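Report on the structure given below.
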Amino acid sequence: SAGRPQLCSGSAAKSLLFRFLPFLRWLPRYPIKDWLLGDIVSGFSVGIMHLPQGLAYALLAGLPPVTGLYSSFYPVFLYFFFGTSRHNSVGPFAVISVMIGSLTESMLPSENFLESVNGTNATVNEELRDAARVELVATITVLTGIFQVALGLLQFGFVVTYLSDPLVRGYTTASSVHVLVSQLKNVFGVSQSEHSGPLSLFVTVIDLCKKLPDTNVGTLVTAIIAMVAILIVKELNHKFAAKLPMPIPIELITIIVSTGISYGVNLKDKFGISVVGNIPSGLKPPVAPKISYFGQVVGNAFAIAVVGYAICISLGKIFALKHGYKVDSNQELIALGLSNFLGGFFQCFAISCSMSRSLVQESTGGNSQVAGVISSLVILVTILKIGELFRDLPKAILAAIIIVNLKGMFKQFKDLSTLWKTNRVDLLVWIVTFVATLLLNLDIGLAVSVAFGLLTVIFRTQLPHYSILGRISDTDVYRDVKEYEMAQEVPGVKIFRSSSTLYFANVELYAEALKKKLKKQQKKLEKEKAKREKPWSNDAGSPSLPQNAEDGPGPAVIELSGGESSAPSEPTLHSLGLPQPSFHAVILDFSPVSFVDTVSIKILKNIFKDFHEIEVDVFVAGCGGEGDLQSYEPRPGRASFGTQLIVQGVPPWCSHPQGFPRGQVLQVVPWIQSEP
């Protein structure tokens, strides 16, 4: 119809297409002269890093090395079309690989593929085992992609906000310990049975210690030499980064040299050093996932989806902030999801972003995902022509590459001292996450960590900081009188503030803290007045709360201080011969309060009633995020209770149809009741 926007118009379709295929927006405007050379250099640099890391992380995932090459090609190429980050280097990542490895080892342990030889010795049929694991991991990867795409389409990019920075850093640090322990068998050259489930890390370490006498010296020496060489060159790369056109590809050099030595000296036969073995050349046709696995791996796939996305979006936002562009969090979910989903059909395992590769992509002049395409082409050439040459590569070299690349994650232990000085609760989240992940393994550890992180939020709202505010002279600024010497209480007025919002879990603590802050004077006066006014209790004109005052929620009826009340006068403290309290007004600063519930309203009604009993007026200030508490001048004389106003909205007791100017205080009195 006329005047209504056409949802199926050409412009709407174009906008939708550009949203899901971001490369269509920037590629036509790609500045070839300014960016192309940098992207080519960056692409080759990252591609050279992808090769050894892909082989190594496949080993970490318990898969044939060639799957690491596939995972460094297909997802990287696909991310070019769907991703919004210009500098993220997607592909195999240690934490995701070890999460997959723990799953393959638990569901398809090597013991399931033992075959007897000559009726006596039993050996593992590695070909059959690897084929079964590839099928399992392909299914996990497809399911991971489905989760990520679904969350992205539903605009659930915010789900990663439940993974706080201390939680992610504690989790990745604990994961790096799992990675380290899993590679020690390749460093020492011993064979170990695979363990999974809670405490499996410690069982593996104990088992390894028992087998240390069987260490293969040749394997150990090979690993140590490789680690020392890689560490030294990486430090030189870091030190002379400004002078080097690109980092020295020490990992690639190491695997080329070690493969040549292994082939020439025949390390496998002479010294018993385990090698990678056959790496088939060429690409495999797509294979459908085994849907029967879905029910068994759904929880693990969701955990991998969330962790992989959390790492990717955090890196993407860092680079986007540095280079002045925006990263679409929901589109990043879709991009990762499609890369995983489609990659799963081609024997890839789940991917994320690598900090080391992303930094190299940025520092060597990469400006766009054209660098990613070039790096994927480097891997493609390797898969088609070069990969089979690495069949004699010692596994100890791959283990050395993995362990050296954990250095950055182990530096996160420095967080402990920083968090100790800045935020003890975040420190507790970090430690609990680290310990839970070590003890309970990666999947259960993540669930426990997220649950604990959410509990700390609830805990912090249940035990906020309560304070009595005072005014700093000659200003309209109010601060905690205990923390600021210059803050002085307004005579006869108590200004009470909580650092948290009010809801069912903390409102009773709020009421108790208010009474505690105002000493015991309130309780004493209430009891004395109750005793002395008993003769008045049968007076038909005496005020009382309506019977439905404690009923369920409804439109809040607010008493505004107004004109003269027609209600009969009630006994006062003076008429009963009781002393007046040292204060005549209480102001509740509600500037931190973002929402309330019906339980809070009921408790607040009781607070208003209790203070009314001792002739203390209760005022609410700072409603609706008005900011700092403004000046308060007590009204002359004792306020009377008059006009009723039924108020809809949130928060109901401090709203007004016309609104209140900043700084005006609204008085609220006890009888807040349901609408008749």
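Basis for what follows: all heavy atoms, side chains included, without hydrogens, waters or symmetry-related copies. All values reported here derive from a predicted model rather than from experimental measurement.
Using the six-membered ring where Trp is involved, His323 and His87 have ring planes that are parallel, under 30° apart on the 30 and 60° scheme. Relative ring orientation between Phe81 and Phe77 is described as perpendicular, the plane-to-plane angle rising above 60° on a 0-90° scale split at 30° and 60°. Between Tyr74 and Phe346, the angle of the ring planes stays under 30°, which puts this pair in the parallel group of the 30/60° scheme.
To the nearest 0.5 angstrom, Ile386 atom CD1 is 4.5 Å from Thr382 atom OG1. Note that the OG atom of Ser200 and the CG atom of Asp207 stand 12.0 Å from one another [nearest 0.5 Å]. Within the model, atoms CD1 of Ile334 and CZ of Phe341 stand 13.5 Å from one another, a figure rounded to the nearest 0.5 Å. Atom OG1 of Thr215 sits about 14.5 Å away from atom NZ of Lys185, to the nearest 0.5 Å. Within the model, atoms CG of Asn112 and CG of Asn125 stand 12.0 Å from one another, a figure rounded to the nearest 0.5 Å. The CD1 atom of Ile100 lies 12.0 Å from the CD atom of Glu105; values are rounded to the nearest 0.5 Å.
With contacts defined as side-chain heavy-atom distances shorter than 4.5 Å, the pair Val276/Phe390 does not qualify. The closest side-chain heavy-atom distance from Thr84 to Tyr325 is not below 4.5 Å. Proximity of Leu389 to Thr259: side-chain heavy atoms (C-beta onward) are nowhere separated by under 4.5 Å. Here the side chains of Asn340 and Val142 are not in contact, with every heavy-atom distance at 4.5 Å or above. Contact annotation: the side chain of Leu336 never approaches that of Phe82 to less than 4.5 Å [non-hydrogen atoms, C-beta and beyond]. Two residues are said to be in side-chain contact when any heavy atoms from C-beta on lie closer than 4.5 Å; Leu377 and Leu380 meet this criterion. The closest side-chain heavy-atom distance from Leu384 to Leu283 is below 4.5 Å. When side chains are defined from C-beta on, Ser102 does not count as touching His178, because their heavy atoms never get closer than 4.5 Å.
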Determine, stepwise, if the pair Thr222 / Ile397 fulfils side chain to side chain contact (heavy atoms under 4.5 Å, CB included). CA-CA 7 Å; Thr222 301; Ile397 299 296; 3.6 Å; yes
Audit row: Val275, Leu267, side chain to side chain contact (heavy atoms under 4.5 Å, CB included) steps and yes/no: CA-CA 9 Å; Val275 297; Leu267 294 178; 5.8 Å; no
Step by step, work out the side chain to side chain contact (heavy atoms under 4.5 Å, CB included) result for Leu136 and Val297. CA-CA 9 Å; Leu136 169 66; Val297 300; 4.0 Å; yes
In sequence, state the C-alpha distance, the side-chain angles, and the governing distance for Thr219 and Ser274, and then conclude on side chain to side chain contact (heavy atoms under 4.5 Å, CB included). CA-CA 8 Å; Thr219 300; Ser274 179; 6.0 Å; no
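Checked by atom type and distance alone, the side chain of Ser375 never pairs as donor or acceptor with a backbone atom of Gly43 at under 3.5 Å. Under a 3.5 Å cut-off, the side chain of Ser262 and the backbone N or O of Asp392 do form a donor-acceptor pair. Side-chain atoms of Ser281 do not come within 3.5 Å of backbone N or O of Glu388 as any donor-acceptor pair. Listed for the Gln412 side chain is a donor-acceptor partner under 3.5 Å among the backbone atoms of Arg169. Between the Ser368 side chain and the Val370 main chain, a donor and an acceptor come within less than 3.5 Å of each other. Side-chain atoms of Arg133 come within 3.5 Å of backbone N or O of Gly62 as a donor-acceptor pair. Ser176 contributes a side-chain N or O that, together with a main-chain N or O of Thr173, makes up a donor-acceptor pair within less than 3.5 Å. A donor-acceptor pair is defined here as one N or O able to donate and one able to accept, closer than 3.5 Å; such a pair exists between the side chain of Arg86 and the backbone of Asn367. Between the Gln148 side chain and the Ala305 main chain, a donor and an acceptor come within less than 3.5 Å of each other. Using a distance-only test at 3.5 Å, with no hydrogens or angles considered, a donor-acceptor pair links the side chain of Lys211 to the main chain of Ser191.
Enclosure of atom CD in Glu127 is not indicated, since only 12 or fewer non-hydrogen atoms of other residues, nucleotides or ligands lie within 6.0 angstrom. Lys268 NZ: 12 or fewer foreign heavy atoms inside a 6.0 Å radius. Within a 6.0 Å radius of CZ in Phe345, other residues, nucleotides and ligands contribute more than 12 heavy atoms. Annotation for Ile32: atom CD1 does not count as buried by contact number, only 12 or fewer foreign heavy atoms lying within 6.0 Å. Annotation for Tyr263: atom OH does not count as buried by contact number, only 12 or fewer foreign heavy atoms lying within 6.0 Å.
Checked against the 6.0 Å centroid criterion, the rings of Phe434 and Phe413 qualify as a close aromatic pair. If you look at Phe93 and Tyr57, their ring centroids are not closer than 6.0 Å.
Contact record, Leu438 with Ala174: CD2-O, 3.9 Å, taken as the closest heavy-atom pair. For the residue pair Phe271 and Asn216, the shortest heavy atom distance occurs at O-ND2, 2.9 Å. In terms of heavy atoms, Tyr79 sits closest to Glu332 at OH-OE1, 2.6 Å. Of all non-hydrogen atoms in Ile379 and Gly47, the two that sit nearest each other are CD1-O, 3.7 Å. Residues Ser71 and Ile351 come closest through the heavy atom pair O-CG2, 3.8 Å. When all heavy atoms are compared, the tightest approach of Ala223 to Val187 is CB-CG1, 3.9 Å.
Side-chain N/O atoms of Glu251 and Asn405 include a donor and acceptor closer than 3.5 Å.
Remark: Lys290 is positioned above the aromatic ring of Tyr293, its terminal NZ or CZ atom under 6.0 angstrom from the ring centre and at most 45 degrees off the axis.
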